[in-house]
Amino acid sequence: MKISNDDKIKMLWEMMRIRQFEERAGELYVAGIITGALHASNGQEAVPVGVIMNLKEDDYLQSSHRGHGHVLAKGGEFKPMMAELFGKITGYCKGRGGSMHFAYVEKNILGTNGIVGGGIPIAAGVGYSIVYKGTNQMVACFLGDGAANTGAFHEGINFAAVVNAPVLFVIENNQWAISVPRKWSDRLVDLSKRAAAYGILGETVDGNDVLAVYEAANKAVKEIRAGNGPVLLECKTYRWKGHHAGEPASLQYRDPKEVEAWLKKCPIKKLEKALLEEKIISEAEIEEMTKKIEQELDEAVEFAKKSPLPEAASLHDHLYV
Ligand SMILES: Cc1ncc(C[n+]2csc(CCOP(=O)(O)OP(=O)(O)O)c2C)c(N)n1
Ligand SMILES: [Mg+2]
């Protein structure tokens with residue numbers, strides 16, 4: 001498959017935006033400026049970027065608890081995202097949701113989700129609504145390997161299959177569910193094999209290779225848009241940081257050698273290397289991109305700091321529609 005140079009540069013840009021956002025959010029968390037729960041996706045950037053670059057503006061995104069990258073790749077902006085992390089009224093959910101409840105309905109971003117597997121039946125339902133209304137949209141639903149072992153996974157994907165819902169279920173297999181390694185929770189090597197149980201297509205791909213993710217997602221999206229129902233795409237990747245930003249560094253349940261080996265498989269470095277070798281981009285241009293993103297992040301943090309907190313009197317607002 002031929003991917004244009006412009007698209008490859010866009011992939012690098014989008015992955016860099018996610019990485020730098022996560023780095024900054026992590027620093028603010030450790031400094032005690034951001035509170036609540038925060039799950040960083042450093043190391044997993046190729047998955048949202050490779051998948052979401054195949055979506056159209058009006059397609060839906062259903063995200064997980066580790067969802068900053070999904071939201072950014074779907075058009076989320078630094079300012080309202082940062083403000084949401086700060087609990088300010090200028091945030092996407094008026095400061096009431098935080099990291100695990102980023103929702104931006106104007107861009108069909110249905111939300112990150114604190115309930116593991118909770119997004120799967122929602123995506124199936126939204127997919128069914130698309131079938132019902134006959135619009136040419138689809139849903140991308142991101143979930144973790146741990147979420148693949150919830151009852152919601154079976155119910156949600158089976159339902160989506162039966163009603164032929166246009167949903168791309170993406171398992172971000174980062175090898176761990178908190179402190180539980182994959183091999184303690186099931187015996188499958190490739191989680192995409194589960195697709196057969198629902199009579200749908202499934203594929204496993206290197207989740208640290210954004211071009212491979214893009215190609216696999218492109219193929220899946222074509223099937224879905226052709227009316228062939230949901231597809232299950234497993235992207236094998238790795239979580240670089242602790243399960244959440246507050247996890248003490250002293251907590252060592254992972255073999256440091258395993259972590260080190262995966263750090264060497266950085267999805268951003270991999271694409272950078274390819275683009276430099278092909279002379280599609282220069283070191284100076286990458287440096288320039290990094291600076292631009294940092295500056296945009298500085299502005300977002302400033303915006304979040306200056307924004308007001310919600311008024312106490314508004315505590316009961318927005319609970320019912
Ligand atoms: C229904 C439910 N059960 C348990 C939890 C606690 N919990 C939060 S994240 C997590 C692990 C999720 O693992 P995975 O799906 O692999 O995602 P990852 O954190 O690795 O991205 C668990 C068990 C929860 N939030 N929701
Ligand atoms: Mg996991």
Side-chain angles (χ1 to χ4, degrees), residues 15 18-19 21-22 25-26 29 36-52 61-73 97-103 110-124 140-157 168-194 204-208 213 232-248 251-255 258-259 261-263 265 267:
M15 288 200 292
I18 297 171
R19 174 72 55 84
F21 182 88
E22 296 290 37
Y29 191 93
L38 195 146
H39 304 84
S41 66
N42 308 52
Q44 303 183 199
E45 298 86 352
V47 182
V49 173
V51 170
I52 292 172
L61 165 69
Q62 177 59 56
S63 173
S64 66
H65 60 288
R66 202 174 297 289
H68 303 164
H70 312 144
V71 175
L72 284 166
S99 167
M100 284 195 286
H101 302 91
F102 277 154
L110 302 173
T112 48
N113 197 314
I115 299 168
V116 169
I120 304 168
I122 297 175
C141 174
F142 291 84
L143 55 128
D145 47 296
N149 284 332
T150 61
F153 177 91
H154 171 70
E155 294 175 31
I157 298 187
L168 176 56
F169 292 101
V170 183
I171 304 177
E172 263 178 285
N173 177 0
N174 62 10
Q175 318 302 329
W176 290 83
I178 311 186
S179 54
V180 180
R182 284 269 302 118
K183 62 177 181 290
W184 287 7
S185 46
D186 74 85
R187 285 168 56 153
L188 280 179
V189 175
D190 291 337
L191 281 167
S192 65
K193 290 229 164 70
R194 297 225 184 130
T204 290
V205 72
D206 176 355
N208 280 24
V213 175
L232 181 63
L233 178 65
E234 180 198 23
C235 302
K236 284 195 185 357
T237 182
Y238 200 74
R239 155 167 70 77
W240 281 14
K241 301 275 177 174
H243 172 69
H244 61 90
E247 193 177 273
L251 207 61
Q252 273 292 12
Y253 48 83
R254 304 194 293 189
D255 182 348
E258 177 187 292
V259 180
W262 277 96
L263 287 174
K265 293 190 241 178

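The model shown is predicted, which means the values in this text are computed figures rather than measured ones. In each ligand, atom 1 is the first atom listed, and ligand 1 is the first ligand listed.
- Checking only distances, A177 never comes within under 3.5 Å of ligand 1, N or O to N or O.
- Of all the atoms in ligand 1, the ones that sit under 4.0 Å from a non-hydrogen atom of A147 are 15 (O).
- Regarding atom 3 (N) of ligand 1, its nearest protein heavy-atom neighbour is V116 CB, 4.3 Å.
- Considering H65, H39, Q44 only, the shortest heavy-atom separation from atom 18 (P) of ligand 1 involves H65.
- Within ligand 1, counting atoms from 1 as listed, the ones closer than 4.0 Å to a heavy atom of G144 are 14 (P), 15 (O), 16 (O), 17 (O).
- The aromatic rings of H65 and H243 sit tilted, their planes meeting at an angle between 30° and 60°.
- Checking side-chain atoms of N208 against main-chain N and O of K265 turns up a donor-acceptor pair under 3.5 Å.
- Among protein heavy atoms, atom 25 (N) of ligand 1 sits closest to G114 O, 2.9 Å.
- Of the protein's heavy atoms, G146 N, 3.4 Å lies nearest to atom 14 (P) of ligand 1.
- Aromatic ring pairs are classed by plane angle as parallel below 30°, tilted from 30° to 60° and perpendicular above 60°; the pair F21 and H68 is perpendicular.
- Considering E22, R239, R66, R19 in turn, E22 is the only one that fulfils the side-chain hydrogen bond (donor to acceptor under 3.5 Å, both in side chains) rule with S41.
- Backbone or side-chain N, O or S atoms of E172 do not reach the Mg ion (ligand 2) at under 2.8 Å.
- Atoms of ligand 1 found under 4.0 Å from any heavy atom of R66 (numbered from 1 in listed order, with element): 18 (P), 19 (O), 21 (O).
- At least one side-chain heavy atom of E234 sits less than 4.5 Å from a side-chain heavy atom of D190.
- Among the atoms of N174, some N or O lies under 3.5 angstrom from an N or O of ligand 1.
- Checking I171, D145, N173 one by one against K236, the side chain to side chain contact (heavy atoms under 4.5 Å, CB included) holds for a single residue, N173.
- F153 carries R194 over the face of its six-membered ring, with the cationic atom under 6.0 Å from the centre and within 45° of the normal.
- Rounding to 10°, one obtains 80° for the angle at the Mg ion (ligand 2) between OD1 (N174) and O (W176).
- Heavy-atom neighbours of L263 CG from other residues, nucleotides or ligands within 6.0 Å: above the threshold of 12.
- Rounding to the nearest 0.5 Å gives a distance of 10.0 Å between CD1 of I120 and CD1 of I122.
- Here the N, O or S atom of D145 that is nearest to the Mg ion (ligand 2) is OD1.
- Checked by atom type, the side-chain pair T237/N174 shows no donor-acceptor distance below 3.5 Å.
- For atom 11 (C) of ligand 1, the closest heavy atom belonging to the protein is I178 CG1, 3.6 Å.
- Every atom of ligand 1 is numbered from 1 in the order shown, and the set under 4.0 Å from a heavy atom of W176 is 16 (O), 20 (O).
- Residue E172 does not touch ligand 1, judged by heavy-atom distances below 4.0 Å.
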